[in-house]
Amino acid sequence: MKKIVIAIDGFSSNGKSTMAKSLAKHIGYIYIDSGAMYRAVTLYCIQNSFFDGEELDEKRLQDNIKNIKIDFRLNDKTSLPETFLNGQNVEQQIRTMEVSAKVSRVSAVPFVRHAMVALQQEMGKAKGIVMDGRDIGTVVFPDAEMKIFVTADPQIRAQRRFDELRAKGDTKTTFEEVFENIKSRDYMDQNREESPLKQADDAILLDNSHMTIDEQMQWLVNKFKQITTSNE
Ligand code: DC
């Protein structure tokens with residue numbers, strides 16, 4: 001069967017990554033988490049003190065962008081890709097609230113986006129890929145054969161993210177903090193000048209507020225089958 005490109009875009013913390021990962025595993029495709037790439041750049045900025053409070057020194061970031069090398073390597077035990085920044089596994093570090101709070105600032109910088117988009121396009125060249133993010137169906141792969149735009153109620157997204165943090169042992173972050181972070185990221189993602197988050201004209205809308213993981217998976221696999229059989 002001919003391999004296709006699957007672009008999954010949408011708001012933060014709506015389960016995109018989980019669904020993209022399971023779909024990729026189910027159909028034998030490679031999964032790429034484009035948000036992890038912006039998070040890795042943000043971690044680099046934090047580690048190298050490019051932030052002074054909320055203020056980002058874009059000049060220093062620009063001077064150093066060529067020194068930021070990001071790749072994904074498969075974890076042998078979980079068979080899932082993990083994010084590496086300059087050869088270091090940063091999969092856990094990029095998921096902290098500190099990174100979440102600063103990533104929208106970094107991902108709004110045009111030269112950061114250009115560098116990440118070029119890397120993402122390179123990764124998707126051979127097709128057979130599921131990539132999730134904000135601009136995958138609009139900018140990175142405008143010709144993707146399957147485009148999904150995921151949405152869910154912000155309260156429900158905050159609760160899911162909050163439960164996830166608690167499960168990981170974070171007992172400090174409050175629900176209100178998570179909810180505020182989600183609302184401000186939604187706003188910044190949709191209102192930034194450079195490739196803002198929006199549904200591609202040819203993307204299929206999926207509201208998963210009241211769907212179980214299994215229902216969602218079934219829905220995706222059905223769409224995949226419809227698209228790949230009609231493309232043959
Ligand atoms: O999917 P995520 O929450 O891990 O993404 C982290 C941030 O990166 C998010 O706030 C927006 C940004 N992002 C982006 O601008 N473009 C993408 N393709 C993916 C993520």
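Note that the structure is a prediction, hence the values are computed from the model and not measured. When a ligand or atom number is given, it counts from 1 through the structure's own listing order. For reference, positions follow the sequence shown, starting with 1.
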Sidechain N-carboxylate O distance under 4.0 Å for Asp132, Lys16: no
Atoms in ligand 1 flagged as close to Tyr38, the criterion being non-hydrogen separation under 4.0 Å: 8 (O), 13 (N), 14 (C), 16 (N), 17 (C), 18 (N), 19 (C), 20 (C)
Pair Glu145 + Lys127, salt bridge at N-O below 4.0 Å: yes
Within reach of ligand 1, part of Arg185 (heavy-atom separation under 4.0 Å): side chain
Polar atom proximity, Arg113 to ligand 1 (N or O, under 3.5 Å): yes
Cationic N near anionic O, under 4.0 Å, Asp170 to Lys172: no
Side-chain (Arg39) to main-chain (Ile94) donor-acceptor, under 3.5 angstrom: yes
Side chain to side chain donor-acceptor pair (under 3.5 Å) evaluation trace for Asp135 with Thr138: CA-CA 5 Å; Asp135 59 343; Thr138 50; 5.7 Å; no
Within reach of ligand 1, part of Asp189 (heavy-atom separation under 4.0 Å): side chain
Those atoms of ligand 1 less than 4.0 Å from some heavy atom in Ser104: 10 (O)
Non-hydrogen atom of Met188 closer than 4.0 Å to ligand 1: no
Residue, atom name and distance, where the atom is the protein heavy atom closest to atom 12 (C) of ligand 1: Ser107 OG, 3.6 Å
Protein contact of atom 9 (C) of ligand 1 - nearest heavy atom, named by residue and atom, plus distance: Arg134 NH2, 3.2 Å
Atoms of ligand 1, numbered as shown, that sit under 4.0 Å from any heavy atom of Asp135: 16 (N), 17 (C), 18 (N)
Under 3.5 Å donor-acceptor, Asn48 side chain and Cys45 backbone: no
Gln120 N/O to ligand 1 N/O under 3.5 Å: no
The single option from Met116, Met123, Arg113, Gln121 passing side chain to side chain contact (heavy atoms under 4.5 Å, CB included) against Val140: Gln121
Location of contacts on Arg39 toward ligand 1, heavy atoms closer than 4.0 Å: side chain
Check: Ser34 N/O within less than 3.5 Å of ligand 1 N/O: yes
Any N or O of Ser13 closer than 3.5 Å to N or O of ligand 1: no
Whether over 12 other heavy atoms sit under 6.0 Å from Lys198 NZ: no
Arg95 with Asp33: basic N within carboxylate O range, under 4.0 Å: yes
For atom 20 (C) of ligand 1, closest protein heavy-atom neighbour: Gly35 CA, 3.5 Å
Whether over 12 other heavy atoms sit under 6.0 Å from Lys168 NZ: yes
Close N or O approach (Arg192, ligand 1; < 3.5 Å): yes
